[in-house]
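A quick write-up on the structure given underneath.
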Amino acid sequence: MKKRNFLLAVAMMTVGCMAAETLPEGLVSLLPDGVKANISTERKLSKLKNLVVAGSPEKGYKAFFAASDDAHGEELWVTDGTPEGTKLVKDIVPGSASSNVGYLTRFNDKVVFQAYTDDADMELWISDGTEDGTYMVKDINMVGASDPRGFTQVNENQFIFGAKDFESENYSERGAQWWLWVSDGTEEGTKMIYQCDMRFPGQDNTTWMTPYCRVGRKVFFKADNVEGTTGEELWVTDGTEAGTKFVKDINTEAIATGTANSALDNMVNFYNEKLFFKAFSIESSNEPWASDGTPEGTYQIYDSNPTSNETGFPRGGGASDAAMYPYNGRIYFRGYSLDGGCELAATNCEKGDFVFFDINKNDPSVDNNGFADPGVEFDGVYMFCAATGFDPLKEGNYGGELHYTDGKTVTMQSDLGPGTQSNWVKELTVVSGSLYWWNESAEDPEKKQKLFRIDSKDQFPVRVTNLSADGDKIHSLRNLGGDLLFATDDENKSLYLYHYRKEGFDPVKDADNLEPEYRTREEIASSVESVEQKVQNITIYPNPASEQFSINTNEEIQSVSVYDLTGRLVLTQNNPNNTINIEDMVQGLYKVVVVTASGSFVSSLIVK
């Protein structure tokens, strides 16, 4: 940590006296003069011009992005979070011409992407952040551009993507198609595995995550068959030809070429067990669905709006704005109820499980919607933005503000915009135990598109940036190894790093897990239980517990650790007494590891 603080101090001096005086403590401008980052402002983790963090706990983390200057055009750049560590990776097309780097995607400690050269056109590239480690993986289309896209890591060593080769571009009766490919980042390990018409990003793409979704060691993606008879539907692959399958024709609505698209969107990995997503069927219109990758295991979770319009067509309730990760056993998303309208909803992905939270209760509630935005787990609760109403004459109308729920009740976190002024919270991002976002608000210039932070769920928001009186135009918040990285859409197309540690920062409890998880909850629980169990004369009680549990043992306790079923450490105490306070823990199943001089003891604990 001392080294990082030293580098930041040096960086603050190198950006110039004026910047050092105006930027708040811990905020560093990264780009050299004359360099502009080309990062799309869309609130998405997958986009044509992306800001992507890659690395490992051992090697550290770097962020990759496209940037341009007069001498090199637009090329691949990298940053380690310091100005001196922000540099051009490689001038892929020498001189002022551009390689038009696109669809940057993490692949372990590297990035894969598409890039243009005069010799090969738009092809598959890979980079580790060094010039020598940046090269074209394979010239897939020898007579044109393969235009690869949809990069998604499928397992520890491979990623899948869609690409055009000579055959798929020139011999498809329906025009050029992107077929399914797999790669390990080497030319010999890159091959076409299935002829299907991959759609990226697909018909619908409102999700703030990615159009394709990995669940365990399989990737769900959108595709039609090569004949075009099923429409854009759900497919799954494990990276092999035998393991690539058309899952189900969800929308069986007949059209001239076969059946229509199912409008797949908002794909979320549910604990590496199932896929949550939105789909359209002729029977129910748009509703939440789940799939385990088999036809029989693919089903509509709930029909939230079983009514029809005057022509008899189903209305459907929809499912959108889903959180990237589950919270406390459920996926949270924007759902619908005939009584409450469009509000926060949640499901455990089992048939019929549908929880609804009516936030905008103005009468009639069905016509007054909270429009909950995607949220994130923070400080033991699910944080999200929603509206309570916009009528200043009605009690409880505060516009759009930050809220949180423990799965039972909803609490407005703060009224940052007094009265009914809205502070639409965007890109909620947890970094080192603090929660960040920017406000999409034009009502108050003091808050317009500026960065805010809280260190606990009940702290009133603290404004971090004040870069421009016309709004800071912040976007693309990313966690760069425990520091916040973000871009701005100002005239300089800037890139900033913010280093901050809250009071009482715990390097264990507040550590960020930036690595992909491939295990299910059961597999994680089994790995925790595999801890050596030499001590047998220990019990914990009561179980279930609500506020505290006690440890019954004659041995001296060295430490107690509590893990949730994702493997995340939620509580640890060294040399504790025999009673552990758990009143701040949310309901659920946990694993308790008690360490004594004789060994370790593992037990399940239910918190009620």
Side-chain angles (χ1 to χ4, degrees), residues 199 201-208 211 222 224 228-234 247-268 275-291 295 298-322 331-347 349-374 386-391 394 396-397 399-400 422 424:
R199 309 292 180 86
Q203 176 186 358
D204 285 25
N205 187 30
T206 65
T207 176
W208 74 295
K222 309 174 188 182
D224 197 347
T229 60
T230 66
E232 182 181 288
E233 291 287 354
L234 187 66
V247 178
K248 189 171 187 173
D249 194 357
I250 294 173
N251 185 11
T252 58
E253 179 184 6
I255 58 175
T257 57
T259 57
N261 297 338
S262 63
L264 303 172
D265 203 2
N266 278 264
M267 294 183 179
V268 178
L275 176 76
F276 169 88
F277 62 103
K278 186 273 293 182
F280 176 95
S281 70
I282 190 60
E283 295 82 11
S284 301
S285 190
N286 286 298
E287 291 291 355
W289 282 65
S291 177
T298 302
Y299 51 86
Q300 181 176 293
I301 297 172
Y302 189 78
D303 190 354
S304 63
N305 186 1
T307 66
S308 301
N309 62 20
E310 59 277 4
T311 67
F313 196 85
R315 289 190 173 94
S320 64
D321 295 87
I331 295 287
Y332 281 75
F333 61 99
R334 186 186 295 179
Y336 184 83
S337 162
L338 288 173
D339 296 325
C342 192
E343 299 279 3
L344 180 68
T347 180
C349 290
E350 298 296 329
K351 286 185 179 180
D353 186 80
F354 184 81
V355 180
F356 187 81
F357 302 87
D358 194 359
I359 297 169
N360 187 339
K361 299 180 180 179
N362 288 314
D363 189 46
S365 187
V366 68
D367 295 327
N368 289 277
N369 304 307
F371 295 120
D373 275 351
T388 52
F390 306 95
D391 189 339
K394 291 184 177 180
N397 280 229
S422 292
W424 293 111

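These figures come from a predicted structure and were not determined experimentally.
Partner of K278 under the side chain to side chain donor-acceptor pair (under 3.5 Å) criterion, out of D204, N266, D265: D204 alone.
In this structure, N251 contributes its side chain and S281 its backbone to no donor-acceptor pair below 3.5 Å. Between the side chain of R315 and the backbone N or O of S308, at least one donor-acceptor pair lies under 3.5 Å. A distance-only check finds no donor-acceptor pair linking the side chain of E343 to the backbone of F356 [under 3.5 Å]. Side-chain N or O atoms of N360 include none that pairs as donor or acceptor with a backbone N or O of G370 at under 3.5 Å. Of the possible polar contacts, none joining the S291 side chain to the T298 backbone as a donor-acceptor pair under 3.5 Å is found. A donor-acceptor pair under 3.5 Å is absent between the side-chain atoms of S284 and the main chain of G316, judged by distance alone. Judged by distance alone, with hydrogens and angles left aside, the side-chain atoms of W208 form a donor-acceptor pair with the main-chain N or O of A322 at under 3.5 Å. At distances below 3.5 Å, at least one donor-acceptor pair connects side-chain atoms of N309 with backbone N or O atoms of T311. Listed for the E232 side chain is a donor-acceptor partner under 3.5 Å among the backbone atoms of Q203. A donor-acceptor pair is defined here as one N or O able to donate and one able to accept, closer than 3.5 Å; no such pair exists between the side chain of E287 and the backbone of P306.
Between the side chains of D339 and S337, no donor-acceptor pair is found at a separation under 3.5 Å.
Atom CG in N368 sits 9.0 Å away from atom CG in D358 (nearest 0.5 Å). Rounded to the nearest 0.5 Å, atoms CG (N205) and NZ (K222) are 5.5 Å apart.
When all heavy atoms are compared, the tightest approach of I301 to T347 is CG2-OG1, 3.4 Å.
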